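None of the values given here were measured: they were computed from a predicted structure.
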Amino acid sequence: MATFLFTAVLVAGCGGGGSDSGSDTAASPSESSSGSASVSASAPAQTSEAAAGPLGAAELKSAALSGTEADGFQVTDFPAKPDGGGTARPAACQPLENMRTASPDPAPQQFVGLLAYASSGSSAGSATTIGLMAYDQPDAEGVLDDLRSALKSCTAYEGGVPARTTAETATAPDAGDDAVAFHLQTQGDNSDAFVVVRSGATVVLFSTVSGTGSTAEVPAELVSAQIGKLEKA
């Protein structure tokens, strides 16, 4: 099964292969207070409803964007599936590396991959990979919780790519039931932007690289379109 490296088809800096150099460093309390890796994410929504079960394969596919359903984007299938990623050092950073390779722990019960090219608007020239992942709701909640915990202590890590990767939180969108946003930057490359949204028992990963040399940002309109369709499914 092919490894699902979201940005490897677009940016060489996200290729596989671990690094044996560099120290294993997690943020100290003083580093966290500086804002370089302080968490910024939307708070989980409180609900009295029963926990949702995982969507089936057909349901998840039906909930995925296609064609030109998102204005300004051409969406196509990206059929490769996640098959594991690199080992992050320190281990506290592992949830971030897992998302870089679209291989969260635990693995989803169903997975649909998409690739969205921005053909117009402020995001023109960027490409965003989207992964819809079906879970039992407690596992879906755990994926977001693990990311949030990692971003509180992890500013940089070795492993997964040939050079050191730095991590920085970003402002999470007001989408779904819970959301986390962050940037990962491999030494010598522009940063890649990540947004992870949970809606019920489904986790949706968005990863954007910029084709213009500017800082990558996950297009808000793409997130809105995909989560909106998911919530109507």
So CZ of F182 and CG of L147: to nearest 0.5 Å the spacing works out to 5.5 Å
Taking it one step at a time, do D178 and R148 satisfy side chain to side chain contact (heavy atoms under 4.5 Å, CB included)?
-> CA-CA 11 Å; D178 193 8; R148 191 174 286 107; 2.7 Å; yes
- Query: Heavy-atom distance under 4.5 Å between the side chains of D71 and E221, does that happen here?
  - Reply: no
Side chain S149, main chain D145, donor-acceptor under 3.5 Å: yes
Please set out all donor-acceptor pairs under 3.5 angstrom arising from side-chain atoms of residues 226-233, sequence neighbours excluded.
from: Q226; atom 1: OE1; to: L65; atom 2: N; distance (Å): 3.0
from: Q226; atom 1: NE2; to: A63; atom 2: O; distance (Å): 2.8
from: K229; atom 1: NZ; to: A64; atom 2: O; distance (Å): 2.8
from: K229; atom 1: NZ; to: E69; atom 2: OE1; distance (Å): 2.8
from: K229; atom 1: NZ; to: E69; atom 2: OE2; distance (Å): 3.1
from: E231; atom 1: OE2; to: S199; atom 2: OG; distance (Å): 3.3

Nearest heavy-atom contact between A216 and S191 is CB-O, 3.5 Å
*Between the side chain of D177 and the main-chain N/O of G200, is any donor-acceptor distance below 3.5 Å?*
yes
Taken to the nearest 0.5 Å, the spacing of L151 CG from T169 OG1 works out to 6.5 Å
Worksheet item: Heavy atoms, side chains only, cut-off 4.5 Å: are V143 and M133 in contact?
Response: no
Shortest non-hydrogen pair, A116 vs I130, comes out as CB-CD1, 4.4 Å
In terms of heavy-atom contacts, A57 and Q110 come closest through CB-OE1, 3.4 Å
Here the gap from Q94 atom CD to R89 atom CZ, rounded to the nearest 0.5 Å, amounts to 10.0 Å
**OP:** Using a strict cut-off of less than 4.0 Å between a Lys/Arg side-chain nitrogen and an Asp/Glu carboxylate oxygen, indicate whether D77 and K61 qualify as a salt bridge.
**Re:** yes
All heavy atoms of A167 vs all of C154, minimum pair found to be CB-O, 3.9 Å
Heavy-atom closest pair (P219 atom, T208 atom, distance to 0.1 Å) is CD-OG1, 3.6 Å
**Prompt:** Just wondering, do L114 and L132 contact through their side chains at under 4.5 Å, heavy atoms?
**Reply:** yes
Sorted by chain and number, sequence neighbours left out, ring-ring contact (aromatic ring centres under 6.0 Å, His included) with Y135 holds for none
Shortest non-hydrogen pair, A150 vs A92, comes out as CB-O, 3.3 Å
So CD of E158 and OG1 of T165: to nearest 0.5 Å the spacing works out to 8.0 Å
One should read off an interatomic distance between T202 OG1 and Q137 CD, to the nearest 0.5 angstrom, of 9.5 Å
pair T76-F78: side-chain heavy atoms closer than 4.5 Å: no
Those residues at least two apart in sequence (or on a different chain) that pass side-chain hydrogen bond (donor to acceptor under 3.5 Å, both in side chains) with E97 are R100, Y157
S122 side chain near E217 side chain, heavy-atom distance below 4.5 Å = no
Taken to the nearest 0.5 Å, the spacing of L96 CG from D146 CG works out to 10.0 Å
